[in-house]
Amino acid sequence: MADGSTRLTFQALLLVGFWPLWCTGYRCNPEINNTHSTRHALRVCERRLARQCQGQNQVIESPGCGAEGPDMPPPAVSLFGGTEPGELGCIGRSTQFARALWCLARHANKAFELFTGIGGGSSLVLAHALARRPAPGRFFTVDRDQGNAWHATQVLKTAKAVATVVPLEHAKGIPDSAAQSFGTPGSWILQGDVFEHPSLIEALCSTTDGMDLIMLDPPTDLRNIWPVLETACRPKFLAIHNANLPGHAGWIPSYLKSSHSTWYEIMNGSHPSIWEPGIRTWSLMARCW
């Protein structure tokens, strides 16, 4: 049984905030990598943004968020008349997840998202964050719908993040002419079906020398895609939205935490669902490096 001094020490650790760190299963040796400091900076950044949005955590933004700028992520955007972007599944700075994702992307130089949708949610958040780093980064997102790809380019323009649409071609997917530009800062929307271009992920991550951040909000569980993403892209960070939906990618955090000693969860949370009673959950993972 613990003595009084042990109990006091344990209570002191709770008061200074070490309990959330233990809850997320931090496994990295702080002497040989900086994931611990990244985790701390992520939480400080999200709390700062939350104060500017009056603590909102909802898909449809209410008045009260600060003006968009280099240090403030954008609201969700839809260019379809008469619709709220949240009604179309777009998350923005009024959710804790979008704020945390924006903060995490500031620690990344290269990010890859599956899938774009209309581009007014996580795509906009990531493109905005990467474009405003001291050294601007590179953002890649993929969607099979041509209309979505066009809409996304117009949305990203509102955040001064110019995007190029790259139609996918043969099994490799990426035209050589497009791949030559992937080494410079910018945003690219890969328009085509990732399931019909089996070599796309390997080709993309070989060209970019991996990805720092992978963002997943898929309509399927990606059980055949995730092993390729992990091996070919070697991400440092993984973000998953709608993790509690059946048939989605929510199995990945649990799998990584149970079977990989090099992955741990740096943050998680939820927000109310706009379509049905209940919540939508999310998870941010990091790999020791």
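Below, each value reflects all heavy atoms present in this structure, side chains not excepted, and no hydrogens, waters or symmetry copies.
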Under the 3.5 angstrom rule, does the side chain of K110 hit a backbone N or O of D209 as a donor-acceptor pair? yes
Do W102 and C45 come close enough that some side-chain heavy atom pair is under 4.5 Å? yes
Separation between CZ (R39) and CG (L104), nearest 0.5 Å, reads 12.5 Å
Could you give all pairs that pass the ring-ring contact (aromatic ring centres under 6.0 Å, His included) test and reach residues 38-61, with sequence neighbours left out? none
Residues in side chain to side chain contact (heavy atoms under 4.5 Å, CB included) with Q146, at least two apart? Q191
Verify the cluster assignment for I279 and L245: are they in a single hydrophobic cluster under the rule of side-chain heavy atoms below 4.5 Å apart? no
Residue from H241, R280, Q56 passing side chain to side chain donor-acceptor pair (under 3.5 Å) with H271: H241
Residues two or more places apart in sequence or in another chain: which of them pass side chain to side chain contact (heavy atoms under 4.5 Å, CB included) with I274? I60, E87
Who are the disulfide (SG to SG under 2.5 Å) partners of C90, not counting sequence neighbours? none
Do P253 and W282 come close enough that some side-chain heavy atom pair is under 4.5 Å? no
Checking the side chain of D145 only, and the main-chain atoms of N148 only, is there a donor and an acceptor separated by less than 3.5 Å? yes
Separation between CD (Q96) and CG (L101), nearest 0.5 Å, reads 12.0 Å
D212 side chain vs A111 backbone, donor-acceptor pair below 3.5 Å: no
To the nearest 0.5 angstrom, please state how far the CZ atom of F237 sits from the CE atom of M285. 12.0 Å
Would V77 end up clustered with L49 when hydrophobic side chains under 4.5 Å apart are linked, directly or stepwise? no
Donor on one side chain, acceptor on other, S199 and E202, under 3.5 Å: no
R99 and S94 have their tightest heavy-atom pair at NH1-C, 3.6 Å
Looking at residues at least two apart in the chain, or sitting in another chain, which of them share a side chain to side chain contact (heavy atoms under 4.5 Å, CB included) with L88? S78, F80, T83, I118
Who are the side-chain hydrogen bond (donor to acceptor under 3.5 Å, both in side chains) partners of T116, not counting sequence neighbours? T141
Please work out which of the three classes, parallel, tilted or perpendicular, describes the rings of W188 and F140, given edges at 30° and 60°. parallel
For the student: nearest non-hydrogen atoms of E113 and F139, plus distance: OE1-CZ, 3.6 Å
Closest non-hydrogen contact found for P175 with V166 is CD-CG1, 3.6 Å
Are L216 and L238 close enough that some pair of their side-chain heavy atoms sits under 4.5 Å apart? yes
Check residues 63-72 and write down every donor-acceptor pair under 3.5 Å in which the side-chain atom is one partner and the other belongs to a residue at least two apart or another chain.
| from | atom 1 | to | atom 2 | distance (Å) |
| --- | --- | --- | --- | --- |
| E68 | OE2 | H128 | NE2 | 3.3 |

Distance in Å, I174 CD1 paired with Q180 CD, rounded so as to fall on 0.5 Å steps: 12.0 Å
Report the distance from atom CD of Q58 to atom SG of C53, rounding to the nearest 0.5 Å. 9.5 Å
What residues form a side-chain hydrogen bond (donor to acceptor under 3.5 Å, both in side chains) with Q52, not counting sequence neighbours? none
Closest non-hydrogen atoms of L284 and A100, given as atom of the first, atom of the second and distance, are CD1-CB, 3.8 Å
Report yes or no: does S123 contribute a side-chain atom to a donor-acceptor pair with the main-chain N or O of G120 at less than 3.5 Å? no
Is there side-chain contact between L256 and R287, with at least one heavy-atom pair below 4.5 Å? no
Enclosure of R144 CZ (heavy-atom neighbours >12, cutoff 6.0 Å): no
In a table with atom names and distances, give each donor-acceptor pair under 3.5 Å that connects a side chain of residues 152-163 to protein atoms at least two apart or in another chain.
| from | atom 1 | to | atom 2 | distance (Å) |
| --- | --- | --- | --- | --- |
| T153 | OG1 | W150 | O | 2.5 |
| T158 | OG1 | V155 | O | 2.4 |

Apply side chain to side chain contact (heavy atoms under 4.5 Å, CB included) to A98 and list each qualifying residue two or more places apart in sequence or on a separate chain. I91, T95, V125
Honestly curious: do V165 and L114 fall in one hydrophobic cluster under the side-chain, below-4.5 Å linking rule? no
Quick check on the hydrophobic clustering: are L124 and I240 connected, directly or via other members, by side-chain heavy-atom contacts under 4.5 Å? no
State, with a plain yes or no, whether a side-chain heavy atom of N109 is found less than 4.5 Å away from one of R138. yes
Would you say R93's side chain and P74's backbone share a donor-acceptor pair under 3.5 angstrom? no
Shortest non-hydrogen contact from W226 to P235? CH2-CG, 4.4 Å
Sequence neighbours left out, what passes side-chain hydrogen bond (donor to acceptor under 3.5 Å, both in side chains) with R106? Give chain and number order. none
Backbone of D221 reached by a side-chain donor or acceptor of W251 within 3.5 Å: yes
Is there a donor-acceptor contact under 3.5 Å from the side chain of R43 to the main chain of I266? yes
With a 3.5 Å distance limit and no angle check, can you tell me whether H248 reaches the backbone of N244 through a side-chain donor-acceptor pair? no
State which residues pass salt bridge (Lys or Arg N to Asp or Glu O under 4.0 Å) with R48; sequence neighbours excluded, sorted by chain then number. none
Side chains of C233 and I214: does their closest heavy-atom pair fall under 4.5 Å? yes
Using the rule given for side-chain contact (heavy atoms from CB on, under 4.5 Å), can you reason through F112 versus L229, listing the C-alpha separation, both sets of side-chain angles and the distance that settles it, and then say yes or no? CA-CA 10 Å; F112 181 34; L229 282 168; 3.9 Å; yes
Roughly how far, to the nearest 0.5 Å, is the CZ atom of F115 from the CD1 atom of I189? 14.5 Å
List the atom of A108, the atom of L213, and the distance in Å for their closest heavy-atom pair. CB-CB, 4.1 Å
Hphob cluster co-occupancy, L126 + V59, side-chain heavy atoms under 4.5 angstrom: no
